[in-house]
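Atoms within each ligand, like the ligands themselves, are counted from 1 in listed order.
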Amino acid sequence: MKFGYFDDQNREYVITRPDTPLPWINYLGCQEYFGIISNTAGGYSFYRDARLRRLTRYRYNNAPWDCGGRYIYLRDDESGSFWSPSWQPTRHAAEDYSCRHGMGYTTIGSKFAGIEAYTRYFVPLDENLEIWQLTVSNRRATPARISVFASVEFCLWDAQDDATNFQRNYNIGEVEVNEGVLYHKTEYRERRNHFAFFACSEPTAGFDTARDAFLGPYRGWDNPAAVASGQLSNSIAHGWAPIGAHQVNLVLAAGETRQIIFVLGYQENPVDRKFDPPDSQTINKKTAEPVIAKYLGAKEADAAFGRLHEHWDKLLGIFQVDTPDLHTNRMVNIWNAYQCMATFNMSRSASSFESGIGRGLGFRDSNQDLLGFVHMVPARARERILDLASTQLDTGGAYHQYQPLTKRGNNDIGSGFNDDPHWLILGVAAYLKETGDWSILNELVPYDNKPGTEEPLYAHMGRSFGYTLERLGPHGLPLIGRADWNDCLNLNCFSDTPGNSFQTTTNRDGMVAESVFIAGLFVRASRELAAIACHQGHPDDAKRFLAAAEKMEQTVKEHGWDGEWFLRAYDSFGEKIGSKERDEGKIFIESNGFCVLAGIGLDDGRAAKALASVRERLATKHGLVVHQPAYTRYYLHLGEISSYPPGYKENAGVFCHVNPWVMIAETRLGHGDEAHDYYLRINPSAREEISEVHRCEPYVYAQMIAGKDAPTFGEAKNSWLTGTAAWNYYAITQWILGVRPTYGGLEIAPVIPAGWQGFTATRIFRGVKYKIAIERAGPGNNVALTVNGSPIEGNIVRPPTDGSNEISISAVLS
Ligand code: BGC
Ligand code: NOJ
């Protein structure tokens, strides 16, 4: 069952009924001001940091879900009835409901009692504000008197405090109202120099800033007393809950259409010019007034929307494909790339599943996210890499996350994840391959943000490498530490106390438990590092990196192989995990995917065996599960993984992030059919028809799909902010379609399904447009390349030396 459809031409997903199984959201903003918006106008906004600069309030665990939003109400002043064109919060049975989620904007509306109303929400480029463009049309044969109410509930900036510290919060709320603009200025009197504003393009017939006055006692957003009465009361909030509500009264002739613009925004003032007059407590509004005035004009708003459109055209235009498969095209050309930009902007901080409070930018996560967006925003990827590296510790280890506003690392969700350091190497490698900007390696970067500790980025990568070699376990495999990629395989935790955090509790010295997954990661990262060292003219380093990789590969073959597949780990008693010797958790996806991806066992049949075992034991119609059999009870020595009921999350759920490791591994064996088959099983567009089962948005990946052991097999959770976005994008574009940036040029190495006759693509790479046509002449993956009409040796196309900015490539597969 579907709840809408893809409009590929306009790059939109159109939702045609409001009661989607879960809120289906979109993101507004692409620089510093952001919001999430659901298909019924729920969501919130913030400036840079979802926790520390939250503009509007949201209630994650409320019922109905998705409460708090950008709510507009219309009231028929003849009958007194009122409704929300976005369905929520009043939930009237509206006609022609639609929500169009597009690239950086969302338009929601419907028709009720002959009145049609649609609102387009977006954040203009280079501004810290959002525009709500409401279009109201009277489709009746008679004139209509309609009052329009637009509302937001302000958050008292720090979203954590806002939800917990009520003895303070109920006293501090403050607002100002000036020339029809509502200003939220809680804590501005003291240490803040920023405020929010909410403005309206039309003369208003009233406002409210006190929630109690607007809603009335014991009433909710579905039934505000002031809207029911038809008149706002010009209330001023003193403490309690400040809101912003505007009222505009319209008289619409039959067939008449009117547009009203609301602008919600964030403004910072210079500290010495906070007040006007200077010795008063009144906000200096001179900084905000021009920008407010500008975007209340329909022409400016439309022009800003046009610029946003061009922005996305440009970003998505960097890679476009035309393959025989609709779902591949749609995800690569539009939604997967778009989701990668959301993970760039948000990391794991704000979605329907991430509250914006607890998690900042993860070290591991953000480095992997680079794989998906580096081609679209290379300059910002560079900055991100340097920010991440600046939080690295001088041991080579890493804080697990940092807060974007401060850019400082913290241990809030634990530390000592022994895989973390290597993702930096892979992130930098991806940047170098895309841009050829080797200068980044010479950038001086501190450790733990401490001045005086700066070393070139290249040295940081060396420390990542060294971190593992200094932490090898009894079999010579890397010690797992707190955990590796799988945060929930906690082999040193041993927690028997309810409420203990699996991320911060450790009861073992950590000198025994080892990870075969980290071994695979190490092999892969060290070989990348060796290539980088060679290019930098450090052959001795390169030799050292290669020798260590070689040795680790041998160690994996000796101690990390179970006969039919790669082991997952050794626990803190030195017992095997992911082995036929176990009753539960016999085989895991991570080590098998990553070891093969890293090239281990390609030469001796192990890789092929491992992937056959994965297919036999882990593949389901909804994707590859993390392990089998699922853990059926809590194991003290395994930790959080066994805390989940079988089939959910890391306990044998389909973790969509790791599925692409197996897709890539399959391409390394030349198996295009298998790789693309796995790709389609979790491709959200390909799952659109089963939206009632999948339940999350059909246009973006979710972190997890419930595995075959779960009663809700096939149900997705945690959409949007997941490493799944980058890894799937990377797998399909670089390994299956095989259009792959390398240090020396663009490699063309497709491993596509046997049934595909070919495909075409355009790729802008280091400023040059490559027009690529792939044609199948035989069943294999051998590539014969012609560049601008002339055959070339090998399959790497070097950047042009003659200054041309367009190249035609044709490739024949046989
Ligand atoms: C989740 C993990 C997550 C970790 C850190 C755990 O509860 O299951 O997926 O990575 O918390 O936030
Ligand atoms: C989500 C975390 O953000 C990511 O870092 C981790 O690898 C996965 N969970 C798997 O545990």
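- Of all atoms in ligand 1, numbered sequentially from 1 with element shown, those under 4.0 Å from a heavy atom of K649 are 1 (C), 2 (C), 8 (O), 9 (O).
- Residues passing the salt bridge (Lys or Arg N to Asp or Glu O under 4.0 Å) test with E575 are R582, sequence neighbours excluded.
- The closest approach between E650 and ligand 1 falls below 4.0 Å for a heavy atom of the residue.
- At the shortest separation from atom 11 (O) of ligand 1 among protein heavy atoms lies Q503 OE1, 3.6 Å.
- Residue-ligand proximity: E640 is placed with a non-hydrogen atom under 4.0 Å from ligand 1.
- The closest side-chain donor-acceptor pair between Y338 and H101, if any, does not fall under 3.5 angstrom.
- With no hydrogens or angles considered, no side-chain donor-acceptor pair links W720 and E354 at under 3.5 Å.
- Side-chain contact check for H627 and N651: at least one donor-acceptor pair (N or O, by modelled atom type) lies under 3.5 Å.
- Listed by chain and number, the residues in a side chain to side chain donor-acceptor pair (under 3.5 Å) with Y58 are D66 (sequence neighbours excluded).
- Between E383 and K407, at least one side-chain nitrogen of the basic residue sits less than 4.0 Å from a carboxylate oxygen of the acidic one, meeting the salt-bridge criterion.
- When only non-hydrogen protein atoms are considered, atom 10 (O) of ligand 1 lies nearest to D487 OD2, 2.3 Å.
- A distance limit of 4.0 angstrom between heavy atoms and ligand 2 selects the residues R359, R364, D365, W485, N486, D487, E650, F655, Q703.
- Remark: D162 engages R57 in a salt bridge, criterion side-chain N to carboxylate O under 4.0 Å.
- The shell of residues lying under 4.0 angstrom from ligand 1, judged by heavy atoms, includes Y644.
- Cation-pi geometry between R524 and F594 is not satisfied (NZ or CZ under 6.0 Å from the ring centre, within 45° of the ring normal).
- Shown here are the salt bridge (Lys or Arg N to Asp or Glu O under 4.0 Å) partners of E434, two or more places apart in sequence or in another chain: R763.
- The nearest protein atom to atom 5 (C) of ligand 1, hydrogens excluded, is given as R359 NH1, 3.5 Å; this is a heavy-atom distance.
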